[in-house]
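The structure appears right after this line, and notes come after that.
Every value quoted in this text rests on a predicted model; they were computed, and no experiment measured them. For the numbers below, each heavy atom of this structure counts, side chains included, while hydrogens, waters and symmetry mates do not.
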Amino acid sequence: TIIVDMIASPIVNLGNDTILCNDARLYLDVTYRNATYLWQNNSRNANYTVTTPGTYWVELNNNGCKASDTLVVTYATSPIVDLGADTFACLGNAITLDAGNAGQQYLWNNNSTNQTLTVYASGTYAVAVTNQSGCVGTDSVTVNFNDGPYATGINVVPMTNGQYMFSVNAGSFINTYRWSFGDGDSATVGTI
C-alpha cells in the first residue's frame, strides 16, 4: 500500500514588464498559502517593493512544488515644466505662458490642451504635461494684472532758505520715478 498526496504547485504572477515614472514605487505581493519565497536579492518575504530599474524574479516553493516569475522594470523621466516665477502685468496687456516640452500632451486648469496659454486676467494658472511614457510633470504660476502707475497730484512744501520739497501722490505699483526740472536736469527718487 502506498499513499500519495498531491500538492498543488503555487501560482505566481508578477504582471507584465512595466515602465515607472521618476520616483514611483511598485509593490509586489506573491502571498501563497504554505509557500516559501526567494527573491532575486535572497529576500524571503512574501512581498517586495521596487524602487529602481532592473529585473526582478521570485520563486515560490510549496513542499517541493515550485513556480517562478520574472518582471522587468524600467524608469522614465517625467517632463520638466517651468512656467517661471509669479509675475505682474499691466491691465490691457497679455502674458503668454509656455509649458515647453514640444509635442507632448498638455492640460491647463482651464481645460486648454495647447502648449501655450495666453492670459489676460489675474489668477493662478497650472498645467500638467504628459510624455509618451505616461509620466506627468506639473507647474503653476500666479499672474497679477494691475491698473499701472498713476499720479493724482504733486505736493509742494516750502523749506528754509527759499527751497521747496516736492513729492507726488501716486497709486500703487510704482517702481521708479523720473522728475524733470526743465533745465535738462532730472532725478529718479520719489521725493526731492
Rounded distance (nearest 0.5 Å) linking atom [atom1] of [X] with atom [atom2] of [Y]:
X: Asp139; Y: Asp82; atom1: CG; atom2: CG; value: 5.5 Å
X: Cys135; Y: Asn22; atom1: SG; atom2: CG; value: 6.0 Å
X: Ser122; Y: Asn146; atom1: OG; atom2: CG; value: 7.5 Å
X: Cys90; Y: Asn144; atom1: SG; atom2: CG; value: 12.0 Å
X: Thr1; Y: Ile3; atom1: OG1; atom2: CD1; value: 8.0 Å

Do you know which two heavy atoms are closest between [X] and [Y], and how far apart they sit?
X: Gly103; Y: Gln132; answer: O-NE2, 4.1 Å
X: Tyr37; Y: Asn45; answer: CB-O, 3.4 Å
X: Val50; Y: Tyr75; answer: O-OH, 3.7 Å
X: Cys21; Y: Ser78; answer: CB-OG, 4.0 Å
X: Asn62; Y: Asn34; answer: OD1-O, 3.6 Å
X: Tyr120; Y: Ala94; answer: CE2-CB, 3.3 Å

Sub-4.5 Å side-chain heavy-atom contact between [X] and [Y]:
X: Tyr48; Y: Gln40; value: yes
X: Leu26; Y: Leu71; value: yes
X: Asn101; Y: Val81; value: yes

Practice problem: Evaluate the criterion side-chain contact (heavy atoms from CB on, under 4.5 Å) for residue pair Thr18 and Asn16; output intermediate values, then yes/no. | Solution: CA-CA 6 Å; Thr18 189; Asn16 296 328; over 6 Å; no
Does one side chain, of [X] or [Y], offer a donor that lies under 3.5 Å from an acceptor on the other?
X: Thr52; Y: Tyr56; answer: yes
X: Thr116; Y: Thr96; answer: no
X: Asn47; Y: Tyr27; answer: yes
X: Asp29; Y: Thr31; answer: yes

Quiz item: Would one find more than 12 heavy atoms of other residues, nucleotides or ligands at under 6.0 Å from atom CD1 of Ile7?
Solution: yes
Exercise. State whether the number of non-hydrogen atoms from other residues, nucleotides or ligands found under 6.0 Å of Asn93 atom CG is greater than 12.
Key: yes
Practice problem: Could you check Asp17 against Val73 for side-chain contact (heavy atoms from CB on, under 4.5 Å), going step by step and ending with a plain yes or no? | Solution: CA-CA 6 Å; Asp17 293 346; Val73 177; over 6 Å; no
Joint hydrophobic cluster, [X] plus [Y], side-chain heavy atoms closer than 4.5 Å:
X: Tyr106; Y: Val143; result: yes
X: Val127; Y: Leu117; result: yes
X: Val141; Y: Phe145; result: yes
X: Leu28; Y: Tyr32; result: yes
X: Trp57; Y: Val12; result: no

Whether the side chain of [X] engages the backbone of [Y] through a donor-acceptor N/O pair (distance < 3.5 Å, no angle test) should be reported.
X: Asn109; Y: Thr124; value: yes
X: Trp108; Y: Tyr125; value: no
X: Asn61; Y: Thr36; value: no

Exercise. Check step by step if side-chain contact (heavy atoms from CB on, under 4.5 Å) holds for Val129 and Thr138.
Key: CA-CA 6 Å; Val129 179; Thr138 62; over 6 Å; no
Practice problem: In sequence, state the C-alpha distance, the side-chain angles, and the governing distance for Asp98 and Gln115, and then conclude on side-chain contact (heavy atoms from CB on, under 4.5 Å). | Solution: CA-CA 6 Å; Asp98 190 342; Gln115 177 180 333; 2.9 Å; yes
